[in-house]
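Note on naming: letters A, B, ... go to the chains in the order of the sequence lines (proteins, then strands), and numbering restarts at 1 for each one.
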Number of protein chains: 2
Amino acid sequence: MDKQDIKILLVDDEPDILEIVGYNLSAEGYQIITAENGLQAVKKAKKEHPHLIILDVMMPEMDGIEACEQIRKIPSLKDTMITFLTARGEDYSQVAGFDAGADDYITKPIKPKVLVSKVKALLRRYKQEEKEGMLKIGNLVIDRDEYKINLNGEEIILPRKEFELLSLLTSKPGKVFKRDEILDKVWGNEVIVGGRTIDVHIRKLREKIGDDSFRTVKGVGYKFVD
Amino acid sequence: MDKQDIKILLVDDEPDILEIVGYNLSAEGYQIITAENGLQAVKKAKKEHPHLIILDVMMPEMDGIEACEQIRKIPSLKDTMITFLTARGEDYSQVAGFDAGADDYITKPIKPKVLVSKVKALLRRYKQEEKEGMLKIGNLVIDRDEYKINLNGEEIILPRKEFELLSLLTSKPGKVFKRDEILDKVWGNEVIVGGRTIDVHIRKLREKIGDDSFRTVKGVGYKFVD
DNA sequence: TCTGTATGTTACCTTTTTGTTATATATTTT
DNA sequence: AAAATATATAACAAAAAGGTAACATACAGA
């Protein structure tokens with residue numbers, strides 16, 4: 001994702017802070033939105049879907065802690081990062097902040113360089129987070145983002161359907177996935193495929209990953225075993 | 001196993017990280033032990049037998065990768081889970097980590113919620129009872145998700161009808177299921193099968209599970225007894 | 001467009017599961 | 001105890017389910 005596409009919501013009741021922080025982050029190329037209290041912050045967050053919210057703890061109307069809690073309740077914002085602005089040495093705010101679901105905190109007074117580097121770090125993490133779909137089962141590593149797997153250190157690229165099938169089965173090792181379920185999750189309910197389609201794909205996975213990993217449960221479906 | 005009984009060894013050279021991670025995991029009810037470098041980590045691991053080790057990659061004295069390798073060599077710790085703390089985007093650490101025998105990794109900076117949920121996921125294996133669809137009766141464990149049963153620690157795979165019949169009878173141990181009822185629930189009302197079909201299936205279960213577990217109630221049906 | 005890969009289909013084979021039959025055994029009733 | 005009824009068992013038969021190979025189609029990239 002490009003910097004220009006990243007929105008940061010800045011929340012503080014002191015215009016000075018808004019300006020100085022806003023200036024520094026704009027200079028870095030981020031899109032800045034501001035709010036002056038918790039209430040406004042929650043509203044704007046809901047509307048604008050920022051990637052990062054920088055929240056002052058002490059504010060009129062609704063303080064940062066509460067705003068944070070509110071925001072964390074909004075499902076569409078679950079991937080949004082939240083960081084607090086706290087006065088130095090306010091241990092309480094930090095703990096309370098993490099409890100409320102914050103990801104980091106920045107201490108006042110604000111040093112522009114520290115601020116910018118923290119923000120960069122947080123957003124880098126954001127990018128990371130999006131890419132975090134790694135699953136390890138025994139000697140098999142599945143990278144859901146890159147659609148590839150790693151078996152005993154050897155990289156294998158699987159066709160999409162095979163990958164998705166593997167991905168489904170490994171999502172709950174041991175659990176038997178019924179044919180219906182597989183069809184639904186991998187092919188989609190609308191698509192109608194022949195009765196042998198799943199088998200064929202299982203066979204291909206067996207060839208590539210290993211015979212023993214996929215157990216047939218006759219009359220029911222398939223399961224992945226460790 | 002109860003949460004209070006689960007020990008987590010936390011290894012990082014930055015006191016801040018130890019504190020924040022420790023705080024969050026303590027809050028979840030886990031027992032926390034800490035170490036500041038790889039050497040200490042290996043020592044403490046050997047002594048304390050933690051269930052999970054959270055290991056920073058970059059540390060003085062001995063880095064996380066090496067510590068992990070050392071720990072993996074200790075037979076008594078073979079069931080211990082190890083997860084790394086890696087800095088953003090360090091693909092190298094991830095691969096090297098898995099190579100060294102790690103089970104997962106967590107990216108820095110740490111997001112408390114992600115941390116906690118990852119830890120929970122990793123430790124789930126210690127809490128077997130939480131699994132849904134598991135039924136324990138005496139020395140018999142019936143796992144409806146995995147379509148398998150476990151008798152005195154030995155795994156037995158049953159064909160579908162047998163599994164369903166067993167599943168039905170054990171759903172209310174002691175209760176007599178009438179033949180009609182069994183036919184209805186296991187075969188479905190529409191299907192018409194001969195009069196000896198149930199008996200034959202009961203016989204097969206008796207062969208596999210044990211004669212005494214299935215009592216015939218003449219003129220009525222069958223029941224499962226503990 | 002051509003080419004190669006991915007996906008899906010078909011037909012046939014093998015195995016397993018399921019059900020039936022005939023007979024033996026047990027239980028109850030008369 | 002004999003008859004009637006119900007269940008157990010073994011051997012067998014039928015059906016279902018899955019495996020496989022070869023082929024067909026779709027689709028993406030050169």
Side-chain angles (χ1 to χ4, degrees), chain A residues 144 146-149 155-169 176-225, chain B residues 144 146-149 155-169 176-225:
Chain A
R144 289 168 203 262
E146 312 232 335
Y147 273 63
K148 69 187 184 192
I149 64 173
E155 191 171 304
I156 301 172
I157 294 173
L158 293 178
R160 199 173 81 238
K161 282 283 186 275
E162 285 169 42
F163 187 87
E164 282 169 5
L165 178 55
L166 176 66
S167 210
L168 175 65
L169 293 181
V176 177
F177 289 85
K178 302 202 179 65
R179 278 166 173 274
D180 289 353
E181 208 175 340
I182 294 173
L183 240 33
D184 185 19
K185 300 251 173 73
V186 177
W187 275 266
N189 239 338
E190 349 71 43
V191 186
I192 300 155
V193 293
R196 296 274 65 71
T197 302
I198 293 178
D199 313 34
V200 172
H201 284 264
I202 289 281
R203 185 169 64 83
K204 286 179 181 158
L205 284 178
R206 280 175 170 154
E207 278 169 6
K208 290 172 187 169
I209 314 288
D211 233 9
D212 315 326
S213 302
F214 304 89
R215 294 271 166 80
T216 303
V217 180
K218 280 214 168 193
V220 190
Y222 294 91
K223 67 176 161 181
F224 180 90
V225 291
Chain B
R144 290 168 204 263
E146 311 208 356
Y147 272 86
K148 70 182 188 194
I149 65 172
E155 191 173 306
I156 301 172
I157 294 172
L158 296 177
R160 193 171 92 227
K161 280 281 184 285
E162 285 169 42
F163 187 87
E164 283 169 3
L165 178 56
L166 176 67
S167 212
L168 175 66
L169 293 181
V176 179
F177 288 85
K178 302 198 182 65
R179 293 176 96 92
D180 289 353
E181 209 176 340
I182 294 174
L183 240 34
D184 184 19
K185 299 252 175 71
V186 177
W187 275 265
N189 241 336
E190 351 71 43
V191 186
I192 299 155
V193 293
R196 296 275 63 71
T197 301
I198 293 178
D199 313 33
V200 172
H201 283 266
I202 290 282
R203 191 185 125 253
K204 285 178 181 160
L205 283 179
R206 280 174 170 154
E207 277 170 7
K208 290 172 187 170
I209 314 288
D211 236 8
D212 317 325
S213 301
F214 304 89
R215 296 272 166 79
T216 303
V217 181
K218 276 217 168 196
V220 191
Y222 295 91
K223 69 175 167 180
F224 180 90
V225 291

Handout entry: For the student: nearest non-hydrogen atoms of B:Leu165 and B:Val186, plus distance
Key = CA-CG2, 3.9 Å
Identify every side-chain donor-acceptor pair in residues 207-221 of chain B under 3.5 Å, counting partners at least two apart or on other chains, and give the distances.
from: B:Glu207; atom 1: OE2; to: B:Arg203; atom 2: NH2; distance (Å): 3.1
from: B:Lys208; atom 1: NZ; to: B:Glu162; atom 2: OE1; distance (Å): 2.8
from: B:Thr216; atom 1: OG1; to: B:Arg206; atom 2: NH2; distance (Å): 2.8

Exercise for the section: Sequence neighbours left out, what passes side chain to side chain contact (heavy atoms under 4.5 Å, CB included) with A:Val193? Give chain and number order. Expected result: A:Leu183, A:Trp187, A:Val191, A:Thr197
Handout entry: OH on B:Tyr147 to CD on B:Glu164, rounded to 0.5 Å
Key = 5.5 Å
Problem - Value rounded to 0.5 Å, distance of CG in A:Leu168 from CZ in A:Phe224 - result: 12.0 Å
Practice task
Can you sort out the partners of A:Arg196 under side chain to side chain donor-acceptor pair (under 3.5 Å), two or more places apart, ordered by chain and number?
Solution key: A:Asp199
Exercise for the section: Go through the steps for A:Leu205 and A:Leu158 under the test side-chain contact (heavy atoms from CB on, under 4.5 Å), then give the verdict. Expected result: CA-CA 9 Å; A:Leu205 284 178; A:Leu158 293 178; 4.0 Å; yes
Hey, what are the protein-to-nucleotides 17-20 of chain C N/O distances that come in under 3.5 Å?
from: C:dT18; atom 1: OP1; to: B:Lys161; atom 2: N; distance (Å): 3.1
from: C:dT18; atom 1: OP2; to: B:Lys161; atom 2: N; distance (Å): 3.4
from: C:dG19; atom 1: OP1; to: B:Trp187; atom 2: NE1; distance (Å): 2.6
from: C:dG19; atom 1: OP2; to: B:Trp187; atom 2: NE1; distance (Å): 2.6
from: C:dG19; atom 1: OP2; to: B:His201; atom 2: NE2; distance (Å): 3.2
from: C:dT20; atom 1: OP1; to: B:Gly194; atom 2: N; distance (Å): 3.2
from: C:dT20; atom 1: OP2; to: B:Gly194; atom 2: N; distance (Å): 2.4
from: C:dT20; atom 1: OP2; to: B:Thr197; atom 2: OG1; distance (Å): 2.7

Fill in the blank from the handout: CD1 (B:Ile182) and CD1 (B:Ile202) are apart, to the nearest 0.5 Å, by 5.5 Å
Practice task
Go through the structure and list residues passing side chain to side chain donor-acceptor pair (under 3.5 Å) with A:Tyr222, not counting sequence neighbours.
Solution key: A:Arg179
Exercise for the section: Could you check how far CZ of A:Arg203 sits from C1' of C:dC12, rounded to whole Å? Expected result: 14 Å
Fill in the blank from the handout: The first and last nucleotides of DNA chain D lying within contact of chain A, meaning any atom under 4.0 Å from one of its heavy atoms, run from D:dA17 to D:dA21
Practice task
Report the residues that fulfil salt bridge (Lys or Arg N to Asp or Glu O under 4.0 Å) with B:Lys185, sequence neighbours left out, ordered by chain and then residue number.
Solution key: B:Glu181
Problem - Stretch residues 178-185 of chain B: residues that reach within less than 4.0 Å of DNA chain D through a heavy atom - result: B:Arg179
Exercise for the section: Would you mind classifying the nucleic acid contact of A:Tyr222 as base, sugar-phosphate or nothing, using non-hydrogen atoms under 4.0 angstrom? Expected result: sugar-phosphate
Exercise for the section: Starting at atom OH of A:Tyr147, determine the distance to atom P of C:dA6, rounded to an integer number of angstrom. Expected result: 14 Å
Practice task
Could you tell me which residues satisfy side chain to side chain contact (heavy atoms under 4.5 Å, CB included) with A:Glu155, sequence neighbours excluded, listed by chain and number?
Solution key: A:Lys148, A:Asn150, A:Ile157
Exercise for the section: Could you tell me the separation between the CG atom of A:Asp199 and the C1' atom of C:dC13, rounded to a whole number of Å? Expected result: 14 Å
Problem - Relative orientation of the end axes in the helix from C:dT1-D:dA30 to C:dT30-D:dA1, expressed as an angle to the nearest 10° (five pairs per end) - result: 30°
Completion exercise
Residues in residues 206-214 of chain A with a heavy atom under 4.0 Å of DNA chain D, by number, are A:Arg206
Problem - More than 12 heavy atoms of other groups within 6.0 Å of A:Lys178 NZ - result: no
